[in-house]
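Reviewing the structure listed below.
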2 protein chains.
Amino acid sequence: MAEDVVRAFGFLSLGTRMKRIGERLQADTQKIIDEMGVEIAASQYPLLAAVDRLGPLAIGDLADAMGVSQPGVTRSIAQLVDLGVLRAEPAPDDQRRKLVSLTAQGQRLVDEAKEAIWPRIEAAVADLCGKLDGPLLDQLAAIEDGLAALPLNRREPKP
Amino acid sequence: MAEDVVRAFGFLSLGTRMKRIGERLQADTQKIIDEMGVEIAASQYPLLAAVDRLGPLAIGDLADAMGVSQPGVTRSIAQLVDLGVLRAEPAPDDQRRKLVSLTAQGQRLVDEAKEAIWPRIEAAVADLCGKLDGPLLDQLAAIEDGLAALPLNRREPKP
DNA sequence: CCTTGTTATATAACGTGTTATATAAATCGG
DNA sequence: CCGATTTATATAACACGTTATATAACAAGG
């Protein structure tokens, strides 16, 4: 088995490593969602959660709130509108802005997620890294080792 | 200014957040490299470093060492071969495997990076998060705040 | 009021990751 | 030693992020 060079290089490849860990967490989270029989991609939940939490708001504001670029949000919104969970209508006072809000179906989806899915995900992630402490690189190594030993979707909320 | 929902959701959106931080670190690292007048993309350095450290090795082994998929490595290798920094030749004993090694130009590039670029990057990242301790989410918040306050490429190795 | 500039969203082109599948070489069993 | 399976790489199609730029609506000055 080959040495993990990204880990070995420490701070030098921290960006690559954090991105990689983030992708693994997202992939495992997707598995949890799939197992629960929901049709929405894991990556879309933060957007739905943002709209739910911050109320109807424009695309640009949503981009700020999520820390991603405006074109990224525009594309995600378009997909979620196609799925029927979001609605985007021009603001009455400014036709340039498009106010994004949840449809009834979208609200139902978020309510279900709040009830059943998000607690499960949060518990699994907390199980993985809630007790961690110490230097960053050590914690990252613990997360990688933890995921390799037992993926997120196999970590039960109530063991 | 809108609330940062990805941060606010804590463990629930940890994957998204780590991916986002990784992307920012990579983008800042790219700026450092650009400022030093080098033509290679930041994302390619881990691959070059892996070949330099582990010696000539096959694409599949490289994928293992870097923790990414084989097709991803195959594509990166193709680009670096086009740039003239890597060479990929069939293994003498097994024509399926392609052994990847540094060209003279590639070796020169790596030697330069080791000398001038990597220490600079490592120092900047260490300046950002070398002293961190405590729970993971707190450290992530400190990294985000630190990057917002002073990007990696403005953090000098010798202050 | 009309030009000019600014702001909000949309679109295009690209980078880099993924999974699924095709192709070619090696290996194994009859 | 030939056909079937396995292994290594290549290719295709997609996801999701970026930057740069186009379009449309608003705002402000002459």
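In what follows, chains carry the letters A, B, and so on, assigned in the order in which the sequence lines appear, proteins first and then strands, with residues in each chain numbered from 1.
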What is the separation between atom [atom1] on [X] and atom [atom2] on [N], rounded to the nearest whole Å?
X	N	atom1	atom2	value
B:Leu25	D:dT18	CG	P	14 Å
A:Lys19	C:dG17	NZ	C1'	6 Å
B:Asp61	D:dT7	CG	C1'	12 Å
B:Arg20	C:dT16	CZ	C1'	20 Å
B:Arg17	D:dG17	CZ	C1'	18 Å
B:Leu62	C:dT16	CG	P	16 Å
B:Ile40	C:dG15	CD1	P	14 Å
B:Glu23	D:dC16	CD	P	12 Å

Which residues within residues 70-100 of chain B lie with some heavy atom under 4.0 Å of an atom in DNA chain D?
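Under 4.0 Å from DNA chain D: B:Gln70, B:Pro71, B:Thr74, B:Arg96, B:Arg97, B:Lys98.
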Run the numbers on B:Asp28 and B:Lys31 for salt bridge (Lys or Arg N to Asp or Glu O under 4.0 Å), then give the verdict.
CA-CA 5 Å; B:Asp28 278 13; B:Lys31 282 188 222 147; 3.2 Å; yes
Check: [Y] and [X] side chains under 4.5 Å, non-hydrogen atoms:
X	Y	answer
B:Leu109	B:Glu39	yes
B:Lys98	B:Glu89	no
A:Val85	A:Arg108	no

Is A:Glu144 salt-bridged to A:Arg24, cutoff N-O under 4.0 Å?
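A:Arg24 and A:Glu144: not salt-bridged.
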Sorted by first residue and then second, give each salt bridge (charged side-chain N to carboxylate O under 4.0 Å, His left out) pair with at least one member in residues 125-142 of chain A; sequence neighbours left out.
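For residues 125-142 of chain A, and leaving out neighbouring residues, the salt bridge (charged side-chain N to carboxylate O under 4.0 Å, His left out) pairs sorted by first residue read A:Asp127-A:Arg155.
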Within the 4.0 Å heavy-atom criterion, would you say A:Ala27 contacts the bases, only the backbone, or no part of the nucleic acid?
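Nothing, no nucleic acid heavy atom in range.
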Under 3.5 Å donor-acceptor pairs involving side-chain atoms of residues 146-153 of chain B, not counting sequence neighbours:
| residue | atom | partner | partner atom | Å |
| --- | --- | --- | --- | --- |
| B:Asn153 | ND2 | B:Glu35 | OE2 | 3.1 |

Given DNA chain C, 5'-ward residue of the pair A:Gly60 and B:Ser69, judged by closest heavy atom:
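Nearer the 5' end of the strand: A:Gly60.
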Under 4.0 angstrom between A:Ser43 side-chain N/O and D:dC16 OP1 or OP2
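Answer yes for this pair, as a side-chain N or O of A:Ser43 is under 4.0 Å from OP1 or OP2.
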